[in-house]
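Reading through the structure tokens given below for one structure.
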Number of protein chains: 2
Amino acid sequence: MGTQYKGSAREIGALNAYIKLMRSSQSVSERIRSHKTVTGLNSSQFGALEALYHLGSLPQKTISEKLLVSKSNVVGIVDALEKLGFVKRQQNSDDRRFTNVSITEEGRKYMERTLPDHVNAIAEEFSCLTASEQEQLAKLCRKLGLKEQA
Amino acid sequence: MGTQYKGSAREIGALNAYIKLMRSSQSVSERIRSHKTVTGLNSSQFGALEALYHLGSLPQKTISEKLLVSKSNVVGIVDALEKLGFVKRQQNSDDRRFTNVSITEEGRKYMERTLPDHVNAIAEEFSCLTASEQEQLAKLCRKLGLKEQA
DNA sequence: TAATTTTAGTTTAACTATAAACAGTTCATA
DNA sequence: TATGAACTGTTTATAGTTAAACTAAAATTA
């Protein structure tokens, strides 16, 4: 495990953290995903629906930014959710470039039916860390992720 | 930022850590990737070549496990690297089910040419964390990732 | 006001990844 | 030894993702 790279201490430390971060996130998301295949939605679709469930109506642009996926991808995601009857599109009358996407009653019911299991799987996954460790991890990841504003 | 989910403290803490972990890893890998598009290899190909550079010859099965990608994906990755002349396949004579993949001289040169920039990009990316924070992060991620043995 | 630029969403083409079925090799065991 | 199980790698079919070109709408500016 770890890196074989011969470099400065600064580089070794960063590489090690990088590798561990990538591997853990990949493992965790893989395991969460496998818990969730039952629900029929893939993780992007689930993530989009979850955002709409919590935040109400959003333009596709915002969904794209929140989920860190391309706008062309959002088209497909919303198409799929719309076909399932979980969301609906509505052109914004103030600025007709925007398409507001909102969750339907059916989508809301779906979320209420599946979210508990999803949350439980995550809690399960993170149960190997104490509450304080989870907080630490969140703080460090946040600091790392913040750089993206640059 | 964070979760809107109403649940137990245990669930909230895990959800928060989960979201931060996913977002940060996605942001970081995205930014590293964009640094590296110049090199012509995608990150899987680069990762495989890097493993071969450090570890010598490996069967595809091992590459699959190390990189956490499917064995069918490894076929394509090795195909691409082979076409570039960076690796070569050789059937293992002890057990002919195995195909050993090894890095060529050209692949090694490529690695020596590109690795420093890659490592530097990572060090840059993690420079918002102190050495001790990087170590903390690595430790927590490792603990989280270890669960996968289960 | 007219022309230009910018923005949101869509379409298309290329790429990446996986699962499932398959072929060849080795191992187990009867 | 022979049959069946397990394993490595390949092929095929399919799904998810993105970038680039495009359409329509709004903002800018000349």
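Just so you know, these numbers come straight off a predicted model, no measurement behind them. In the text below, chain A, chain B and the rest are named by the order of the sequence lines, each starting its count at 1.
- A side-chain donor-acceptor contact under 3.5 Å links B:Gln134 to the backbone of B:Leu129.
- Every pair passing salt bridge (charged side-chain N to carboxylate O under 4.0 Å, His left out) that includes a residue from residues 97-106 of chain A is listed here, sequence neighbours excluded: A:Asp95-A:Arg97.
- Residues B:Lys88 and B:Glu82 are not paired through a salt bridge, judged by the lack of any N-O separation under 4.0 Å between the basic side chain and the carboxylate.
- Without hydrogens or angle criteria, B:Ser29 side chain to B:Ser25 main chain gives a donor-acceptor distance under 3.5 Å.
- Bracketed by its first and final contacts, the part of DNA chain D lying under 4.0 Å from non-hydrogen atoms of chain B reaches from D:dC7 to D:dT11 in 5' to 3' order.
- Not a single donor-acceptor pair under 3.5 Å links the side chain of A:Arg10 to the backbone N or O of B:Ala131.
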Steps toward salt bridge (charged side-chain N to carboxylate O under 4.0 Å, His left out) verdict (B:Glu112, B:Arg108): CA-CA 6 Å; B:Glu112 276 153 12; B:Arg108 193 166 291 281; 5.0 Å; no
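- Electrostatic pairing of B:Lys143 and A:Glu133 counts as a salt bridge here, judged by a charged N lying under 4.0 Å from a carboxylate O.
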Nucleic acid footprint by protein, nucleotides 10-22 of chain C - heavy-atom cut-off 4.0 Å, B for base, S for sugar-phosphate alone: BB----SSBBB--
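- For the pair B:Arg97 CZ and C:dT25 C1', the interatomic distance rounds to 6 Å; values are reported in whole Å.
- More than 12 heavy atoms of other residues, nucleotides or ligands lie within 6.0 Å of CD in B:Glu65, so this atom counts as buried by the packing criterion.
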